[in-house]
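What follows is one structure encoded as structure tokens, with my remarks underneath.
Letters A, B, ... are given to chains in the order of the sequence lines, protein chains preceding strands, and every chain is numbered from 1.
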Amino acid sequence: MLDIKLLRENLELVKERIASRGAKLDWERFVAIDRERREALAEWERLKEKKNRISGEIGKLKKSGGDPAPLMREVEEIAQAVRDGEGPLAEIEKRFQDFMLMIPNLPHPTAPLGSGPEQNREVRSWGELPRFDFPAKNHWEIGEELGIFDFSRAAKIAASRFTVYYGAGALLERALINFMLDLHTRERGYREVLPPFLVNRDTMTGTGQLPKFEEDLFRTVDPELFLIPTAEVPLTNIHREEILDRDDLPIHYVAYTPCFRREAGSYGQDVRGLIRQHQFNKVELVKLAEPQNSYEELEKMVNDAEEVLRRLKISHRVVELCTGDMGFASAKTYDIEVWLPGQATYREISSCSNCEEFQARRAQIRYRPDKKGKPLFVHTLNGSGLAVGRTVVAVLENYQQKDGSVVVPEVLRPYMGGLERIM
RNA sequence: GGAGAGAUGGCCGAGUGGUCGAAGGCGCACGCCUGCUAAGCGUGUGUACCCCUUAAAAGGGUACCGAGGGUUCGAAUCCCUCUCUCUCCGCCA
């Protein structure tokens with residue numbers, strides 16, 4: 001959510017920057033709603049003030065033995081007017097809030113302008129692209145031949161876009177989770193969290209999944225809860241509606257969770273393999289930081305995520321997303337893209353964003369900069385560290401051998417009982 | 001799932017219809033005093049929104065005593081629903 005004061009005082013600037021994301025909003029309607037809300041609120045509060053004042057006088061009069069009857073008749077009418085005003089006011093308030101919640105974040109001035117992935121800007125790349133003296137296979141071919149993935153039985157048990165892992169495949173997934181968690185907790189200062197995987201509507205609204213993206217979420221009916229699409233949601237909401245001490249910041253959390261996404265609207269994309277699943281595992285990094293440090297923290301977060309790939313010795317690059325390709329809540333996003341020899345392309349394996357105040361304002365996460373100061377909104381950051389399923393893909397495709405086996409990256413062997421090769 | 005108790009400000013804790021944003025204490029901030037420290041004294045100490053101004057503040061108003069609804073001229077206080085916490089019983093990974 002944006003600061004309403006910014007919208008009132010600098011609407012032209014806001015319009016322009018929101019437009020750079022490709023979002024279209026009816027700003028004239030917004031201006032009308034805002035004005036209507038303020039006028040109605042002021043009028044209603046004037047009535048309440050009068051009612052409160054007269055009610056107080058009735059109290060005094062009764063105590064001193066006077067006759068309150070005339071005042072009571074007078075205030076009765078006002079009380080009725082106040083009641084009559086409640087409905088329309090609530091309706092205007094709702095329209096106002098709904099609009100506010102549908103406005104995406106302002107892009108940071110350094111985010112490249114653009115409408116789609118083509119305008120993303122490569123920041124750096126790491127590692128040589130691997131060469132094979134045989135035709136490189138896709139991970140699903142590798143995995144099915146090794147008997148570690150079973151897509152058809154997963155579809156039988158659940159639906160398409162689910163996978164059953166067996167044996168070394170399941171072990172590889174688990175090893176990656178543990179490796180990533182150990183790296184981030186032991187060497188990078190993140191606190192490990194194991195959050196709920198189902199969350200309520202307020203939590204989903206706090207990070208910006210709701211109200212706009214309900215169709216992307218899985219939902220339970222009774223009670224109504226939503227399966228998390230990323231651990232960013234529960235982690236960022238841990239401190240919802242709290243005022244933190246300055247000394248508490250920055251907060252660094254890391255969590256492994258499964259993630260659940262409807263993938264509505266992605267029919268036909270990545271239908272084979274592990275790339276786009278309804279359920280996948282992810283190790284997520286979340287930070288709450290003071291505004292003046294948040295961009296420094298973003299750079300460090302990207303670096304922490306990249307470190308996973310450096311230790312796995314897998315080629316990758318970092319790109320800065322352009323305004324049109326960023327998520328709803330983000331002011332600035334770096335994607336890490338990993339090289340997949342089987343598809344001869346880079347694929348996103350991590351996305352690290354600074355949401356600045358956007359989520360903090362929705363979720364009311366604040367801190368006190370000093371003892372006497374007013375509370376300020378924290379900046380929230382989130383990033384994959386990394387998407388585990390896609391890391392499995394990267395390992396299989398980059399470490400595949402001519403005979404169909406896959407060499408286990410050295411750093412993972414301690415996590416896999418010393419296993420050196422999946423065959 | 002059954003029975004009971006509870007939810008008040010940063011914390012503890014009073015308050016069962018009227019002037020209560022809420023006593024008192026603790027904590028914290030500022031000032032005074034004390035040639036250090038401790039103690040003592042005084043003042044202050046929530047958040048959001050609206051109005052008026054604005055560089056900002058001050059000022060005025062509204063709301064908030066778990067959440068939502070109701071009764072009433074008036075609700076922290078009465079009624080209803082819900083949520084959460086605690087205790088006991090049952091069940092259970």
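The aromatic rings of Phe30(A) and Phe99(A) sit tilted relative to each other, their planes meeting at an angle between 30° and 60°.
Comparing the P positions of rC73(B) and rG66(B) gives a spacing of 25 Å, expressed to the nearest Å. Between rA58(B) and rA48(B), the distance separating the two P atoms is 12 Å to the nearest Å. For the P atoms, the distance linking rG68(B) with rU77(B) amounts to 13 Å, nearest Å. Rounded to the nearest Å, the gap between the P atom of rA38(B) and that of rU87(B) is 40 Å. As rounded to the nearest Å, rU54(B) and rU72(B) have P atoms that lie 44 Å from one another. Separation of the P atoms belonging to rA56(B) and rC41(B) is 41 Å when rounded to the nearest angstrom. Annotation: rC26(B) and rU83(B) have their P atoms spaced 40 Å apart (nearest Å). rG15(B) and rU37(B): their C1' atoms are spaced 40 Å apart (whole Å).
In this structure, the nucleotide among rG18(B), rA48(B), rC50(B) sitting nearest to the side chain of Ser55(A) is rG18(B). Taking the side chain of Leu41(A) as heavy atoms from C-beta on, and the options rG18(B), rC49(B), rU62(B), the nearest nucleotide is rC49(B). When each of rA63(B), rC73(B), rC51(B) is scored by its nearest atom to the side-chain atoms of Arg38(A), the top-ranked nucleotide is rC51(B). The side chain of Trp44(A) lies closest to rU62(B), out of rA48(B), rU62(B), rC73(B).
An OP1 or OP2 oxygen of rC50(B) is reached within less than 4.0 angstrom by a side-chain nitrogen or oxygen of Arg37(A). Close to rG46(B), at under 4.0 Å from its OP1 or OP2, lies no side-chain N or O of Lys374(A). Under 4.0 angstrom from either OP1 or OP2 of rA63(B) there lies at least one side-chain N or O belonging to Lys48(A).
Across all strands shown, rA29(B) is found opposite rU43(B) as a Watson-Crick or G-U wobble partner, with both distances under 3.5 Å. Within the shown strands, rC12(B) is the pairing partner of rG24(B) under the Watson-Crick or G-U definition, both distances less than 3.5 Å. Across every strand in view, rU19(B) sits unpaired, with no contact that passes the Watson-Crick or G-U test at under 3.5 angstrom. The partner of rC84(B) is rG6(B), by the rule that a Watson-Crick or G-U pair needs both atom distances under 3.5 Å. Pairing for rC92(B) is absent, with no Watson-Crick or G-U wobble pair whose two atom distances lie under 3.5 Å. rU62(B) is paired with rA48(B) under the criterion used here, namely a Watson-Crick or G-U wobble arrangement in which both key atom distances are under 3.5 Å.
For the pair Asn200(A) CG and rA67(B) C1', the computed distance is 13 Å after rounding to whole Å. In this structure, Glu39(A) places its CD atom 16 Å from C1' of rC49(B), rounding to the nearest Å. Between Glu49(A) atom CD and rC51(B) atom P there is a gap of 16 Å when expressed in whole angstrom units. The separation between Asn52(A) atom CG and rG60(B) atom P is 16 Å, rounded to whole Å. Regarding Gln80(A), its CD atom lies at a distance of 10 Å from the P atom of rC73(B), rounded to whole Å. Rounded to whole Å, the distance from CD on Gln97(A) to P on rC50(B) is 11 Å. Put simply, CZ on Arg35(A) is 17 Å from C1' on rC51(B), counting in whole angstrom units. Atom CD of Glu242(A) is separated from atom P of rC11(B) by 11 Å (rounded to the nearest Å).
Residue Phe377(A) forms a side-chain contact (heavy atoms from CB on, under 4.5 Å) with just one option from Met1(A), Glu357(A), Glu356(A), and that option is Glu357(A). When Tyr256(A), Tyr253(A), Tyr190(A), Phe179(A) are each tested for a ring-ring contact (aromatic ring centres under 6.0 Å, His included) with His184(A), only one passes: Tyr190(A).
Both Lys60(A) and Lys5(A) lie near RNA chain B, and the one whose nearest nucleotide falls closer to the 5' end is Lys60(A). For the pair Arg83(A) and Arg361(A), nearest-nucleotide mapping onto RNA chain B gives the more 5' position to Arg361(A).
Ring pair Phe358(A)/Phe328(A): centre-to-centre distance below 6.0 Å.
With values rounded to the nearest 0.5 angstrom, Arg276(A) atom CZ is found 5.0 Å from Ser266(A) atom OG. Distance check: Leu225(A) CG to Phe218(A) CZ gives 15.0 Å after rounding to the nearest 0.5 Å. Taking CD1 from Ile142(A) and CD from Glu397(A), the interatomic distance works out to 5.5 Å, rounded to the nearest 0.5 Å.
If you check every strand for non-hydrogen atoms under 4.0 Å, Pro68(A) touches nothing. Here Lys51(A) lies in heavy-atom contact (under 4.0 Å) with sugar-phosphate atoms only. Note on Arg53(A): nothing from the nucleic acid sits closer than 4.0 angstrom, heavy atoms only.
With respect to Glu145(A) and Lys137(A), a salt bridge is recorded, a charged nitrogen being found less than 4.0 Å from a carboxylate O.
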